[in-house]
2 protein chains.
Amino acid sequence: MASNRDKSISEQIDDIKKQLVAKGYKLTQQREVTVRVLLEHEKDHFSAEEVFLLVKEQFPEIGLATVYRTLELLSDLQVVEKINFGDGAARFDLRSTDGSHHHHHLICTECGTVEEIMEDGLLRLEQQIERQYGFAVTDHRLDFQGVCKECRAKQALNEQAAG
Amino acid sequence: MASNRDKSISEQIDDIKKQLVAKGYKLTQQREVTVRVLLEHEKDHFSAEEVFLLVKEQFPEIGLATVYRTLELLSDLQVVEKINFGDGAARFDLRSTDGSHHHHHLICTECGTVEEIMEDGLLRLEQQIERQYGFAVTDHRLDFQGVCKECRAKQALNEQAAG
DNA sequence: ATCCGTGCAAAGTGTTTGCAGCGTT
DNA sequence: AACGCTGCAAACACTTTGCACGGAT
C-alpha cells in the first residue's frame with residue numbers, strides 16, 4: 001500500500017505530468033508551479049486566491065484566471081479535490097493517486113482551523129448503503145464541527161477568570 | 001424520542017415562533033411563509049432562490065433579500081442548516097428541534113440528485129475523536145458521492161445496447 | 001415615537017469567460 | 001501555420017448591505 005507521501009515532490013510532479021500528457025494536456029510552467037505549491041502545502045486547504053498568491057511568488061506574471069483554470073483542470077483529472085467548507089470560497093486539496101485519500105476534517109467553530117484526520121473504517125457503512133439503497137459509493141466526505149483542543153483550553157481559562 | 005415529523009405544520013411554526021420571540025425576533029408574515037415553504041418541502045434542499053420563488057407564490061411582494069435575511073436568521077437560530085454541495089449556491093435544510101437531525105446525503109454524480117438517509121451510529125467515532133484529538137464534536141456532516149440506483153440502471157441498459 | 005423588519009437597488013465577492021497575443025510543435 | 005495556453009478585463013452568479021419607508025408596540 002504505497003502512499004504518495006513516500007515520493008519526492010519532483011517524482012509526484014512527474015506522475016501528474018504523465019496524467020496530463022495522457023489526456024492531451026501540457027504541463028506548462030504555470031501549471032507546474034501551481035502543482036508544486038499544492039504539493040508543498042499538502043496539509044493546508046487553500047482557496048484559489050491563496051494558491052494564486054503563493055504561485056505569484058515563484059511566477060509573478062501569472063493571472064488569477066490561470067490558477068482557477070489549472071485548479072479546475074486538476075479537479076477534473078481527480079488530482080485535486082475541490083472542497084467547500086461553506087466559508088464562501090472553494091478550497092483545494094491534493095488527492096493521493098492510489099485513491100486512498102479520504103481524510104476527514106475537524107472544523108473548529110471558534111477559531112476556524114481545519115485539521116485533517118486519517119481515514120478509518122467507513123467501508124462497512126459504504127457497503128451497507130450500496131446494499132440498502134442501490135447507490136454505488138465512489139467517494140465520501142466526513143466533516144466534524146466542534147471546538148478544538150486549544151479553544152477549549154482558552155474557554156476553560158476564561159471561565160475560571162470569570163467565575 | 002419524539003421527532004418533528006409527528007407534528008403538524010402549524011404546530012411546528014408555533015415552535016419556531018417561540019424560539020424567535022424568545023430571542024427578541026418577530027414572526028412576520030414574510031418569515032412565516034418562508035418557514036412554511038421549508039416545512040412543506042422538508043425533503044428537498046432548496047437554494048435561496050428556489051425558496052424565494054416558492055415564497056413569492058404565497059407572498060408576491062417579498063424581496064429576495066428578505067428571504068436571504070430570514071434564512072440567515074433561521075440558520076443562526078439553528079432552525080435550518082445551511083449546506084453547500086459545491087454547486088455555487090448554498091442550500092437550506094430544516095433541522096429537527098430535538099437535535100437529532102444528522103441525516104447524511106447520497107449525491108449522485110450522474111444526475112445530481114441528493115437523497116437523504118437516516119442517522120446511524122457515528123457516535124462511537126465522535127467519542128473516539130474527542131479522546132484522541134481533544135476536539136469536542138458538536139455536529140457532523142457525512143456525504144457520499146456515487147451513482148444512484150436509477151443511473152446505474154440506465155448505465156447498464158446503455159452498455160447492453162452498445163455491447 | 002421608537003424600532004425592527006422590509007423592498008429595492010447598489011455594492012461585494014468568488015468564479016468564469018471572451019479575446020487577442022504568445023510559445024511550442 | 002495551427003493550436004493550446006495565458007493574461008487581462010469584462011461578465012457572471014450568489015450574497016450582503018445601505019437606505020428610506022412602513023407597521024407594530
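Naming: A, B, ... by sequence-line order, numbering from 1 per chain.
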So A:A65, base contact, sugar-phosphate only, or nothing? Heavy-atom distance under 4.0 Å. base
So what does A:F52 touch, heavy atoms closer than 4.0 Å: a base, only the sugar-phosphate, or nothing? nothing
Does the side chain of B:Y68 get closer than 4.0 angstrom to OP1 or OP2 of D:dT15 through an N or O atom? yes
Between B:T66 and C:dT6, is there a contact of a side-chain N or O with OP1 or OP2 at under 4.0 Å? no
Which nucleotide in the list [options] gets nearest to the side chain of [X]?
| X | options | value |
| --- | --- | --- |
| B:R69 | C:dT6, C:dT15, D:dC8 | C:dT6 |
| A:L64 | C:dT17, C:dA9, C:dT15 | C:dT15 |
| B:A48 | D:dT6, C:dG7, D:dT15 | D:dT15 |

Atom pair CG/CD of A:D44 and A:E116 - distance to nearest 0.5 Å: 9.0 Å
Please give the remaining members of the hydrophobic cluster of A:L157, linking ILVMFWY side chains under 4.5 Å, ordered by chain and number. none
For the pair made of [atom1] in [X] and [atom2] in [N], what is the distance, rounded to whole Å?
| X | N | atom1 | atom2 | value |
| --- | --- | --- | --- | --- |
| B:R91 | D:dT15 | CZ | P | 9 Å |
| B:L20 | D:dA24 | CG | P | 17 Å |
| B:L71 | D:dT16 | CG | C1' | 13 Å |
| B:N84 | D:dA13 | CG | C1' | 13 Å |
| A:L53 | C:dG14 | CG | P | 12 Å |
| A:D87 | D:dT15 | CG | P | 13 Å |
| B:D76 | C:dG5 | CG | C1' | 16 Å |
| A:I83 | C:dG14 | CD1 | C1' | 17 Å |

Please list residues of residues 24-37 of chain A whose heavy atoms come under 4.0 Å from any atom in DNA chain D, ordered by number; otherwise none. A:Y25, A:K26, A:T28, A:Q30, A:R31
Is a salt bridge present between A:K154 and A:E150, judged by a nitrogen-to-oxygen distance below 4.0 Å? no
Does B:L125 form a side-chain contact (heavy atoms from CB on, under 4.5 Å) with B:V137? I'd like the steps, not just the answer. CA-CA 10 Å; B:L125 189 50; B:V137 176; over 6 Å; no
Within 6.0 Å of CZ in A:F59, more than 12 heavy atoms from elsewhere: yes
Qualifying residue, where the test is side chain to side chain donor-acceptor pair (under 3.5 Å) with B:H105 and the options are B:R141, B:H45, B:Q145, B:E115: B:H45
Given DNA chain C, 5'-ward residue of the pair A:E72 and B:E61, judged by closest heavy atom: B:E61
Paired with B:R31, the side chain to side chain contact (heavy atoms under 4.5 Å, CB included) test is passed by just one of B:V55, B:T70, B:V67, namely B:T70
